[in-house]
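Every number for a ligand or one of its atoms is a count from 1 in the order of the listing.
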Amino acid sequence: MTEYDGFELLVEGLIEKRYGVCDNLFSVELVQGLRQNLYRYAAEGEMHPAGIGRRFDFQKNTEVRGDLIRWINVEEQNAHELAFISCMERFIQHLNSTCYTALNGFEFHYASYEAGSFYKRHLDQFKSEKGRKFSFVLYLNDGWDESEGGRLSLYMDEQRVESVFPLGGRCVFFKSDEMEHEVHPAPNRNRISIAGWLKNV
Ligand code: OGA
Ligand code: MN
């Protein structure tokens with residue numbers, strides 16, 4: 001699949017069912033490199049509970065979310081982060097030129113949900129932070145079996161909930177202010193990703 005086809009698949013999903021999924025926008029090597037980065041940051045003690053990060057003041061509340069995060073710092077990206085971020089910049093250009101989205105910023109963090117941790121049903125746009133327009137998650141797990149749990153629930157409406165499992169290399173894309181979603185625990189496995197937002201600031 002070309003990058004363009006991947007972008008189109010994500011956009012088509014967004015238009016047709018309010019979320020897009022693509023399993024091979026990124027090469028296996030890139031996903032591996034990003035996974036190794038995450039493990040290295042974890043080993044170096046750089047993954048911290050979400051909510052005490054430098055950018056947001058939302059509640060540090062382990063009742064709501066239990067992931068450890070590390071922001072990708074655009075000034076000190078390594079080769080894999082550079083490849084990921086430049087793809088996201090091209091995706092922003094694609095969205096701006098095909099969907100009139102007027103995006104002009106982004107932010108991404110690594111996320112690690114240790115076995116049993118979760119993120120309760122939520123929206124990604126906060127009252128204090130309206131700049132997040134689209135959410136984008138890339139899963140970094142080395143394979144994933146549905147029996148391991150850890151699904152992402154997307155609340156389509158009160159009757160219908162759809163599930164996306166965090167298979168390595170899969171990415172998910174939806175509107176930050178509309179799509180309520182929830183990360184379910186994987187009882188016996190660490191669940192890793194890069195999650196981020198395409199913004200208008
Ligand atoms: C988030 C989030 C979804 C996922 O980080 O805000 O909802 O599947 N992540 O990891
Ligand atoms: Mn979210």
Side-chain angles (χ1 to χ4, degrees), residues 10 13-14 17-23 25-26 31 34-35 37-39 41-42 46-72 84-85 88 105-146 148-156 161-199:
L10 291 170
L14 186 85
K17 56 183 195 293
R18 297 200 296 130
Y19 70 94
V21 178
C22 180
D23 283 353
L25 180 58
F26 302 99
V31 173
L34 293 167
R35 180 191 309 139
N37 281 348
L38 184 147
Y39 287 143
Y41 293 136
E46 288 197 39
M47 304 286 298
H48 298 292
I52 56 170
R54 56 202 154 81
R55 296 196 195 199
F56 298 107
D57 58 1
F58 56 85
Q59 73 276 33
K60 181 198 168 200
N61 189 347
T62 47
E63 302 278 298
V64 175
R65 68 186 293 188
D67 53 332
L68 302 174
I69 67 166
R70 183 197 182 279
W71 291 97
I72 294 182
F84 172 76
I85 293 292
M88 290 296 95
F106 57 83
E107 59 191 357
F108 289 95
H109 63 56
Y110 292 91
S112 175
Y113 290 79
E114 289 178 4
S117 38
F118 51 78
Y119 194 161
K120 293 258 169 80
R121 181 170 174 168
H122 67 282
L123 283 174
D124 281 346
Q125 198 183 79
F126 303 107
K127 286 194 181 69
S128 59
E129 225 290 28
K130 297 242 180 262
R132 295 176 167 186
K133 301 304 177 197
F134 296 96
S135 303
F136 187 98
V137 185
L138 167 63
Y139 298 111
L140 301 180
N141 304 297
D142 188 4
W144 193 273
D145 193 90
E146 297 191 1
E148 295 179 287
R151 72 188 188 278
L152 170 68
S153 281
L154 298 158
Y155 292 92
M156 309 302 291
V161 184
E162 302 211 348
S163 297
V164 177
F165 283 87
L167 183 67
R170 173 171 291 163
C171 51
V172 190
F173 170 64
F174 52 86
K175 276 186 144 179
S176 304
D177 62 342
E178 290 193 342
M179 180 61 84
E180 290 193 39
H181 56 284
E182 172 166 9
V183 178
H184 296 269
N188 301 307
R189 186 168 173 188
N190 207 27
R191 177 192 190 277
I192 58 173
S193 57
I194 290 177
W197 297 277
L198 312 184
K199 299 175 61 165

In chain order, what residues pass the salt bridge (Lys or Arg N to Asp or Glu O under 4.0 Å) check against Glu180, with sequence neighbours excluded? Arg121
Note the single closest protein heavy atom to atom 10 (O) of ligand 1, along with its residue, its atom name and the distance in Å. Arg191 NH1, 2.9 Å
Judged on heavy-atom distance to atom 5 (O) of ligand 1, which of Ser135, Ala195, Gly196 sits nearest? Ala195
Of all the atoms in ligand 1, which lie at a distance below 4.0 Å from a heavy atom belonging to His181? 2 (C), 7 (O)
Polar-atom distance check: Ser193 versus ligand 1, any N or O pair below 3.5 Å? no
Ligand 1 to Asp124, heavy atom cutoff 4.0 Å, flagged ligand atoms 6 (O)
Looking at ligand 1, would His122 count as a contact under a 4.0 Å heavy-atom criterion? yes
Parallel, tilted or perpendicular, judged at 30° and 60°: which one describes the rings of His122 and Tyr119? parallel
Atom 8 (O) of ligand 1 - nearest protein heavy atom and its distance: Tyr139 OH, 2.5 Å
Provide the closest heavy-atom pair for Arg191 versus Pro166 in the form atom of the first, atom of the second, distance. NE-CG, 3.8 Å
Winner among Val183, Leu154, Ile192 once heavy atoms are compared against atom 3 (C) of ligand 1: Val183
With a cut-off of 2.8 Å, which protein N/O/S atoms are close to the Mn ion (ligand 2), if we only count those under it? His122 NE2, Asp124 OD1, His181 NE2
Whether Phe84 and Phe26 hold their rings parallel, tilted or perpendicular, with breakpoints at 30° and 60°: tilted
Please confirm whether Tyr119 comes within less than 3.5 Å of ligand 1 when only nitrogen or oxygen atoms on both sides are compared. no
Spatial distance of atom CG (Leu10) from atom CZ (Phe174) [nearest 0.5 Å]: 12.0 Å
